[in-house]
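Here the structure comes first, spelled out in structure tokens, and everything after it is commentary.
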Amino acid sequence: MNELLTAASIRRLEAAALAALPGGILMARAAEAVAEATARLARTLEPGRPVLALVGPGNNGGDALLAALRLRERGYACRAIALRPAGASHGDAGEAWRAARTAGLRIDGVEALREALEAAPIAIDGLFGIGLDRALDGPAAALCGALREARVPVVAVDVPSGIDADTGAIVGGPGAAAVRAVCTVTMIADKPGLHTGAALDHAGTVQVAGLGLEAQRAALVDEEMLAHRQALTGEHALLHERTPAGGRAPGAGPGLAAGRLFGAAQAAAALPRRARDSHKGSYGAVLAYGGDTGTRGAVLLAARGAQALGAGKVFVATPAGELFDPGQPQLMTADGDAPFDRFDVVVIGCGLGTSARAHARLAAALAQARALVLDADALNLMAADATLATAGVAGLREGHGARRVVMTPHPLEAARLLGCDATHIQADRRGAALELARRFGAVALLKGAGSIVATPEGAWAVVDAGGPALATAGTGDVLAGMIGARLAQGDDAADAACVAAWLHGRAATMWEAARGHAEGLSAAELPALAREVLGTLAA
């Protein structure tokens with residue numbers, strides 16, 4: 001299962017299930033899943049650690065209370081700290097409170113937290129769930145701070161309290177409070193906000209508890225995908241007016257309610273074995289174009305990335321004269337004025353610069369190229385010149401189609417393209433990627449922690465790979481070339497972006513794992529690492 005559902009879809013499923021099932025069934029199933037995850041965690045720690053349920057006012061608090069009761073039945077010492085010790089009185093949460101009191105579970109207020117933490121418990125975060133719409137404050141924020149200081153392991157119920165289930169951002173902004181969990185047991189279906197942005201430092205390992213609603217979830221995904229396809233209105237849906245500078249986050253369109261988490265299984269399925277009866281012409285010709293004075297290494301890194309992922313022929317060209325890579329003599333050179341339609345794929349922008357000549361060559365690529373990867377300075381030029389961007393979009397859509405064009409901004413480049421600032425992009429990374437794809441008529445790969453791939457039609461995926469080792473110059477250039485190689489071999493644009501981004505991210509985490517730290521990766525090492533990852537998929 002790799003579906004990711006938005007909070008609105010989860011609520012639809014939950015409401016339907018609550019109406020159809022006897023009272024308390026879903027909460028009991030959720031509690032059992034949380035109890036099992038907590039017991040598994042406990043078995044990896046020193047024996048005898050108690051369990052502390054952190055109880056909020058809603059159903060997440062009920063889940064935590066019932067999980068504590070289940071664990072007490074298994075022999076764990078359990079108690080609870082509640083934001084509102086009076087407890088809930090209605091619905092399933094009210095029943096959970098009554099069960100806890102009847103069983104004699106100790107439930108204290110927040111004033112008892114420091115004393116409870118002295119026992120080094122395993123904490124169950126049942127404070128708030130997917131309905132949180134404001135920053136944690138008061139006792140809840142203080143509780144988060146105390147947990148962080150105590151460094152106790154936390155199992156989060158559904159989402160870590162303070163994290164937006166759709167966006168992965170901290171509710172209230174980067175300075176607001178949020179729980180840091182080592183494990184999150186998420187209910188009914190996985191959620192995009194657990195795999196991108198700030199959430200990657202808060203969710204820990206994500207486990208999905210389907211709560212017996214797997215068939216209903218599959219039916220909902222099919223229904224919403226059909227409705228979305230029927231709602232598409234054609235060409236005009238791909239273009240939107242530019243967001244004014246400093247405007248709100250450009251995530252106005254929701255896209256499909258269901259996306260996918262793109263991981264190793266999806267990458268392996270998208271990489272068929274090569275036929276024995278093939279040759280270099282079978283795998284396409286990629287031109288890496290860029291590398292102005294002072295940044296020539298960028299285009300060479302892109303070319304090496306294309307070579308590593310199997311492009312049949314790789315060419316390098318620059319607006320500043322011929323560029324040869326003596327360390328990679330298989331890379332061929334092309335004239336800086338060569339027609340772009342000579343090549344199967346053009347990767348343009350890596351170190352390109354923003355000169356008048358760079359502008360002219362980008363305009364030519366937008367008009368001529370059969371398939372394109374737009375990176376770095378190509379994106380900056382489009383952001384700075386609305387005429388270039390508009391003409392380019394028209395050419396991409398009318399000439400070669402959005403399925404064969406990928407744009408690869410990092411958050412600052414995305415902000416320039418959408419006329420806002422990077423904090424708005426990071427507040428809703430999925431929404432920003434969808435808006436980029438719609439506005440420019442291309443597949444958008446929004447790079448960063450939990451990279452997002454979005455199509456103009458509203459499909460989206462979160463790439464389940466990557467890490468802080470990639471936070472160094474040149475790694476994005478390698479990725480651009482890798483995408484170009486996949487396009488040259490026939491992938492559609494969305495698959496090319498997903499496969500290359502996963503291989504790229506996995507290469508970095510493999511490097512981190514081998515060394516025990518994330519510092520010091522050179523972008524020039526990535527192509528060879530990506531080839532190693534390919535080998536693990538083929539095994």
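Counting from 1, the numbers follow the sequence of the chain as shown.
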Side chain [X], main chain [Y], donor-acceptor under 3.5 Å:
X	Y	answer
Arg361	Gly336	yes
Thr509	Gly466	no
Asp125	Ala156	no
Asn60	Val157	yes
Thr196	Gly450	yes
Arg416	Ala384	no
Arg429	Gly168	no
Arg134	Gly172	no
Thr408	Leu374	yes
Gln426	Thr423	no

> Does the side chain of Arg12 pick up a donor-acceptor pair with the side chain of Ser9 at under 3.5 Å?
Replying inline: no
> Is a salt bridge present between Asp164 and Arg430, judged by a nitrogen-to-oxygen distance below 4.0 Å?
Replying inline: no
>> Does Leu417 form a side-chain contact (heavy atoms from CB on, under 4.5 Å) with Phe440? I'd like the steps, not just the answer.
In response: CA-CA 9 Å; Leu417 287 162; Phe440 292 95; 3.8 Å; yes
To the nearest 0.5 Å, tell me how far [X] [atom1] sits from [Y] [atom2].
X	Y	atom1	atom2	result
Leu194	Gln207	CG	CD	12.0 Å
Arg486	Asp492	CZ	CG	11.0 Å
Leu18	Leu26	CG	CG	5.0 Å
Met332	Phe315	CE	CZ	3.5 Å
Ile452	Leu434	CD1	CG	8.5 Å

> Lys191 and side-chain hydrogen bond (donor to acceptor under 3.5 Å, both in side chains): which partner among Asp158, Thr184, Thr6?
Replying inline: Asp158
> Which pairs with one or both residues in residues 257-268 pass salt bridge (Lys or Arg N to Asp or Glu O under 4.0 Å), sequence neighbours excluded?
Replying inline: Arg260-Asp495
> Which residue, Leu271, Leu503, Ile483, Val286, forms the side chain to side chain contact (heavy atoms under 4.5 Å, CB included) with Leu309?
Replying inline: Leu503
>> Restricting to non-hydrogen atoms, name the atom on Met407 and the atom on Leu436 that form the minimum distance, rounded to 0.1 Å.
In response: SD-O, 4.2 Å
>> Checking Asp337 against Arg357 for the salt bridge (Lys or Arg N to Asp or Glu O under 4.0 Å) test, could you report, in this order, the C-alpha distance in whole Å, the side-chain angles of both residues, the deciding distance, and whether it holds?
In response: CA-CA 10 Å; Asp337 291 317; Arg357 179 159 170 73; 2.8 Å; yes
>> I'd like to know whether Leu136 forms a side-chain contact (heavy atoms from CB on, under 4.5 Å) with Val171, so could you lay out the CA-CA distance, the side-chain angles of the two residues, the decisive distance to 0.1 Å, and finally the verdict.
In response: CA-CA 8 Å; Leu136 298 183; Val171 179; over 6 Å; no
> Do Arg11 and Ile130 have side-chain heavy atoms sitting under 4.5 Å apart?
Replying inline: yes
> Run the side-chain contact (heavy atoms from CB on, under 4.5 Å) check on Val159 and Leu132 step by step: do they pass?
Replying inline: CA-CA 10 Å; Val159 295; Leu132 185 68; over 6 Å; no
